[in-house]
Amino acid sequence: MSSVILVPFHGPGSGVAGLSWGQREIWAAMCAQESSLSGGAVAPLPPGKGLDYAASLLGYLMGKYPSFRTRLRYEPDGSVRQVLFDHGEIPLRVLDAADDDDPAEFAERVRTEYVDTRFDYTDEWPIRMAVIRQHGEPTHVVAVHCHLALDGGGFMTVAATLANFAHTGAEPTDEHAEPTQDPLDQVRWQQGPAGERQHALVARHWRKLLAKVASNRFGETDDEQRPRYWRVTGSSPAAHLAVRAIATRAGRADTSPVVMAAVSIALAQVTGVNPSVFKVVVNNRFRPGLAMTASPIAQSALCVIDVAGVTLDEVVDRAWRSLMSAYLSAYYDQTRMDEVIAEIGRERGAELDLDCF
């Protein structure tokens, strides 16, 4: 059995604009993969909290995070714009698990269904929430978001907010909803003089890096293995200990440049191509005004690491410098950067393949 509660919400800001830089990057991936790239979670309801609590939580989230109150609009010229609403209603589904069902497993099945079902970007809010009941008692809440509503960093921001409510037992109210920068604010900044300077700076940096990138980075293969793409995972306590030891020897508190160095060397050995080139995804929430933003602002940065004729420790140092540079060069206009990459490819007569993450 199921029912629906319509939860009203209101929040500051409304209007229409194009997509922000971060939204454009994830929208392109969503279109290419024909998926909402949704994510979400199942959580048990705190003791004593029921439907009213879940409804107030959903209304609070909608009011606090502008990207949750945003839908898309398709223009006649084929472009996409976003529409931010300052009020509305969102459905909260109430689903009853069977008497002999495990409510946690039932909730997980609902989460999977929500994730696997593409969002209607023009007529559906980018959040789906449901309360699971058994024997008439609420047990779990399921929440799933479209990737246009928030990225990984945004998910952690929202999760921290929810964890605070769960820990304190406080009821979410408007007084908790401190304003956060909405996607329209980001678009205005990006389209202004400061945004233009930011993109131009990053574009110059990428051009220098792209000059070092080989056109045919992965070589040719006549391997017709099926399926074409494979996923391999492994667990190595020894590798973990080695990475930490090398980081300590190199005077690094962070192990990520050691991992980057090792993979750079391995890639060069496998492909016979140097330097090694990767994209890394940068959170960007260290930038002014973006710390508490939920909407997608993470973007890809380029790392180019020369591994020829040097020791592992030297590659670690190069990887560290490349990563530091990448973190500062991941906030830009993706559409215009694609044009730069295509232009360099045309000059060489070969398309550049940068999709190694």
Side-chain angles (χ1 to χ4, degrees), residues 4-24 26-27 30 36-41 53-75 79-93 114-115 117-131 141-162 165 171-191 285 289-298:
V4 174
I5 299 172
L6 291 178
V7 177
F9 63 82
H10 63 274
S14 64
V16 182
L19 300 184
S20 68
W21 292 344
Q23 287 173 321
R24 279 190 238 166
I26 199 60
W27 177 245
M30 289 165 59
S36 298
L37 300 179
S38 303
Y53 178 79
S56 64
L57 190 61
L58 179 55
Y60 166 83
L61 292 175
M62 294 295 291
K64 179 175 176 63
Y65 297 108
S67 59
F68 292 2
R69 295 182 269 114
T70 300
R71 292 176 174 175
L72 297 186
R73 187 172 80 189
Y74 298 103
E75 302 295 349
S79 63
V80 176
R81 293 172 71 79
Q82 58 180 318
V83 184
L84 172 62
F85 294 81
D86 58 11
H87 71 281
E89 291 181 326
I90 182 169
L92 172 65
R93 293 181 66 189
Y114 281 5
V115 167
T117 304
R118 249 196 288 184
F119 279 80
D120 183 333
Y121 309 117
T122 61
D123 293 318
E124 181 183 6
W125 302 114
I127 292 289
R128 293 172 179 151
M129 187 178 284
V131 173
V141 63
V142 180
V144 167
H145 64 273
C146 166
H147 210 329
L148 269 178
L150 70 167
D151 57 14
F155 181 83
M156 297 303 293
T157 298
V158 175
T161 299
L162 298 180
F165 284 126
E171 293 285 339
T173 62
D174 290 344
E175 67 186 40
H176 294 115
E178 299 176 2
T180 61
Q181 188 184 68
D182 65 49
L184 273 58
D185 294 330
Q186 296 171 33
V187 172
R188 282 188 285 268
W189 185 91
Q190 291 164 3
Q191 292 180 342
R285 281 173 174 77
L290 299 181
M292 300 305 294
T293 297
S295 62
I297 57 173

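Everything numeric here is computed off the predicted structure, so don't read it as measured data.
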Whether Trp189 and Trp21 hold their rings parallel, tilted or perpendicular, with breakpoints at 30° and 60°: perpendicular
Minimum heavy-atom distance between Leu290 and Ile297, given as atom pair plus value: CB-CD1, 3.8 Å
Test item: Pro91 and Leu6 side chains (from C-beta on) under 4.5 Å apart, heavy atoms: yes
Test log, rule side-chain contact (heavy atoms from CB on, under 4.5 Å), inputs Leu37 and Ile26: CA-CA 9 Å; Leu37 300 179; Ile26 199 60; 4.0 Å; yes
pair Ser38-Tyr114: side-chain heavy atoms closer than 4.5 Å: no
Spacing of CD1 belonging to Ile5 relative to CE belonging to Met129, to within rounding of 0.5 Å: 12.0 Å
Non-hydrogen side-chain atoms of Gln82 and Val187 separated by less than 4.5 Å: yes
side-chain contact (heavy atoms from CB on, under 4.5 Å) between Glu124 and Cys146, worked out: CA-CA 10 Å; Glu124 181 183 6; Cys146 166; over 6 Å; no
Interatomic spacing from CZ in Arg24 to CG in Leu148 - rounded to 0.5 Å: 13.0 Å
4.5 Å side-chain heavy-atom contact, Gln23 and Leu72: no
Close side-chain approach of Ile127 and Leu61, heavy atoms under 4.5 Å: no
Asp120 to Asp123 - nearest heavy-atom pair and separation: OD1-N, 3.2 Å
Over all atoms of both residues, closest heavy-atom pair of Pro183 and Ser20: O-CB, 4.5 Å
Heavy-atom side-chain contact between Arg128 and Thr117 under 4.5 Å: yes
Trace of the side-chain contact (heavy atoms from CB on, under 4.5 Å) decision for Lys64 with Val158: CA-CA 10 Å; Lys64 179 175 176 63; Val158 175; over 6 Å; no
Arg71 NZ/CZ over Trp125 ring centroid, <6.0 Å and within 45° of normal: yes
Val131 to Ala54 - nearest heavy-atom pair and separation: CG2-CB, 3.4 Å
Under 3.5 Å: donor-acceptor pair, side chain of Arg69, backbone of Leu84: no
Aromatic plane relationship, Trp27 with Tyr74 - under 30° parallel, 30 to 60° tilted, over 60° perpendicular: tilted
Phe68 and Tyr65 aromatic ring geometry - parallel, tilted or perpendicular at 30°/60° bounds: tilted
Backbone N/O of Asp86 and side chain of His10: donor-acceptor pair under 3.5 Å: no
Backbone of Ala149 reached by a side-chain donor or acceptor of Ser67 within 3.5 Å: yes
Steps toward side-chain contact (heavy atoms from CB on, under 4.5 Å) verdict (Thr293, Gln186): CA-CA 10 Å; Thr293 297; Gln186 296 171 33; 3.2 Å; yes
Euclidean distance, Phe119 CZ relative to His147 NE2, rounded to 0.5 Å: 12.0 Å
